[in-house]
Amino acid sequence: MNAYAQIIRERWEENIKDGNAAARYMENSTAIYRGEPVACLYMPKIFSREAYEFLQKAAGEICVILDKVIERYLSDAEYRRLFPFDKELEELILTEAGYPRLLPIARLDIFFDEDDFSFKFCEFNADGASAMNEDREINNAIRNSDAFIEFTRQRELLGFEFFDSWVHEFGDIYSKYNKKVDVPRIAIVDIMENGTIPNEFIEFKKAFERAGYDTKIYDMRDLEYQNGILHQNGLKIDAVYRRAVTCDVIRFKDDVQPFLQAARDNAVCIVGHFRTQIIHNKAVFKILRMSETLSFLSEAEREYVLRHIPETLPLESGKFDLSEVLTNKDAWIIKPEDLYGSRGVFAGVDETPQSWEKAVRDTIDTGYLLQQFCPPYQTENLDFTESPCPQFKMYNNITGLFVYNGKLQGIYSRAGLMGTISPFTRGLTVASLVCCHNKEKFR
């Protein structure tokens, strides 16, 4: 990153021009969130091959642990009582999926120190995991910039492919489904007013179609279920790529009963199944560190959990030290158990003592968690969306690990100036790349 920034400083006029061009590209790109262009930074996040291979290993290790948690939930009624799921959701989670893969797709967000490779997990996003299209577009935006071209004269920067690769893994998961057909008809499904990235759905649809699958994008509420067949206007659906997060499905449960009944009957292959909610809900962070979980993990897995899962407490009366939390606000962050997009999140570092106390008191006994705050790693960058001639600033970083079918497929990077890095706090997307020196091929 220092070498890339030095190129920009030495070739300032060329990069001012290209930075503004990249910002204009993003304004007119398909990277849209809630009707607005996704805000992005100019300099990419460049990971060494060593760092990427480390993250591959880290992702594989946590996936093994999360699989064990899901398996224990499915088999152990006592363990299930640790989770905050009502009877209806529990029944959906326990329905037959028809295939063995427990966690088909996820984006595992971490705070990663790029100097010493230490890290802590921030959250696990399962079926609704998104932002693949953002990474694709920001890479397109900067690929012809002066700094990128100059930097790659002696190095190769390799990006990640998130669409055709997912179709391949989806096909592998479906091939093990107990009611598979030779060529399944596929539906990409969400509650569409909450599916804030429709262009991403279109890119996935194109990828499925390139692989020969008849694919449609549907609002879950428009689906019908009759005689053991899930369909829309008579068009049978064999497999679902579920983008609707579970909290939205439950919120609209009266409107999506046909889909839910098809799930109960294992009448359609749902990738991912409702059992992914076991690790998607943020309560899993406190449960991972409990003796009930640590007891069935190996010694190495217990060490991994205690090192990389931040201390997480229920924000409930009598279960945390109120005085300590109010006094040391910068050490804590408040999160709802089951919202997304960083909604309802309060980081003590972003609050005044008065606003922090109000946030704590307002969320006690309302389904929130109190979690150790992990100071993000900082890097410098330029934001051409705020000025045609910006200044270098230091940004907090968060790193997302896209895991497809149990394997790391690539990295998604965001940065911001606040403790919470999200679209609601001016979080910005950053292109993610792996550097291979001397044109060394990266696999």
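Only a predicted model underlies this, so the values are computations on that prediction, with no experimental measurement involved. Atoms considered below: every heavy atom in the structure, side chains included; atoms not considered: hydrogens, waters and symmetry mates.
Pairing each heavy atom of A22 with each of I142, the nearest pair is CB-CG2, 4.4 Å.
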Before giving the answer on salt bridge (charged side-chain N to carboxylate O under 4.0 Å, His left out), spell out for E53 and K57 the whole-Å C-alpha distance, their side-chain angles and the decisive distance to 0.1 Å. CA-CA 6 Å; E53 290 176 347; K57 183 174 183 291; over 6 Å; no

With ring pair (Phe, Tyr, Trp, His ring centres under 6.0 Å) as the test, would you mind laying out the steps for Y79 and F296 before giving the verdict? CA-CA 11 Å; Y79 190 65; F296 63 77; 5.5 Å; yes

Would you please test F124 and F285 for ring pair (Phe, Tyr, Trp, His ring centres under 6.0 Å) and show each step? CA-CA 9 Å; F124 307 134; F285 276 75; 4.7 Å; yes

How far apart are the C-alpha atoms of Y177 and D238, what are their side-chain angles, what is the distance that settles it, and do they pass the side-chain hydrogen bond (donor to acceptor under 3.5 Å, both in side chains) test? CA-CA 11 Å; Y177 179 55; D238 300 302; over 6 Å; no

Residue pair E137, V38: steps toward the side-chain contact (heavy atoms from CB on, under 4.5 Å) verdict: CA-CA 10 Å; E137 286 285 41; V38 170; over 6 Å; no

Checking ring pair (Phe, Tyr, Trp, His ring centres under 6.0 Å) for the pair F151/F148: CA distance, chi angles, key distance, verdict? CA-CA 5 Å; F151 188 84; F148 188 97; 8.1 Å; no

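Counting only residues at least two apart or on different chains, the ring-ring contact (aromatic ring centres under 6.0 Å, His included) pairs with a member in residues 94-114 are F112-F117. Within the structure, every pair that satisfies the side chain to side chain donor-acceptor pair (under 3.5 Å) test and touches residues 68-77, not counting sequence neighbours, is listed here: K68-E301.
Once rounded to the nearest 0.5 Å, the distance linking CE of M394 with CD of E380 reads 6.0 Å. Taking CG of L369 as the reference point, atom CG of N281 lies at 7.5 Å (rounded to 0.5 Å). Expressed to the nearest 0.5 Å, how far CD of Q378 lies from CG of L417 amounts to 9.0 Å. In this structure, the separation between CG on L157 and CD1 on I46 is 5.0 Å, given to the nearest 0.5 Å. Rounded to the nearest 0.5 Å, atoms CG (L66) and CD1 (I279) are 5.5 Å apart. From I334, atom CD1 reaches atom CG of L370 across 6.5 Å, with rounding to the nearest 0.5 Å.
With hydrogens and angles ignored, the 3.5 Å screen pairs no side-chain donor or acceptor of R414 with any backbone N or O of I398. Formation of a donor-acceptor pair under 3.5 Å by the R101 side chain with backbone atoms of N405 is found in this model. N381 places a side-chain N or O within donor-acceptor distance of the main-chain N or O of M43, the cut-off being under 3.5 Å. Remark: the backbone N or O of K236 is paired with a side-chain donor or acceptor of R185 at under 3.5 angstrom. Without hydrogens or angle criteria, E337 side chain to A283 main chain gives no donor-acceptor distance under 3.5 Å. Under a 3.5 Å cut-off, the side chain of D113 and the backbone N or O of D115 do form a donor-acceptor pair.
Heavy-atom neighbours of R210 CZ from other residues, nucleotides or ligands within 6.0 Å: above the threshold of 12.
R289 places a side-chain heavy atom less than 4.5 Å from the side chain of L306.
At a threshold of 4.0 Å, the pair D222-K216 does not count as salt-bridged, since none of the basic side-chain nitrogens sits closer than that to a carboxylate oxygen. For the pair K206 and E209, the salt-bridge criterion is not met [side-chain N within less than 4.0 Å of a carboxylate O]. For R221 and E193, the salt-bridge test passes: some basic side-chain N is under 4.0 Å from an acidic carboxylate O. Ion pairing between a basic and an acidic side chain is recognised when a charged N comes within 4.0 Å of a carboxylate O; E169 and K407 show such pairing. With respect to K45 and E114, a salt bridge is recorded, a charged nitrogen being found less than 4.0 Å from a carboxylate O.
Using a 30° and 60° split on the angle between ring planes, F121 and Y304 fall in the tilted class, from 30° to 60°. Relative orientation of the W166 and Y241 rings is tilted, given thresholds of 30° and 60° on the angle between their planes.
The cationic group of R155 does not satisfy the cation-pi geometry with Y4, failing either the under 6.0 Å distance to the six-membered ring centre or the 45° limit from the ring axis.
Evaluation of the side-chain hydrogen bond (donor to acceptor under 3.5 Å, both in side chains) rule for N139 yields D135 as partners, not counting sequence neighbours.
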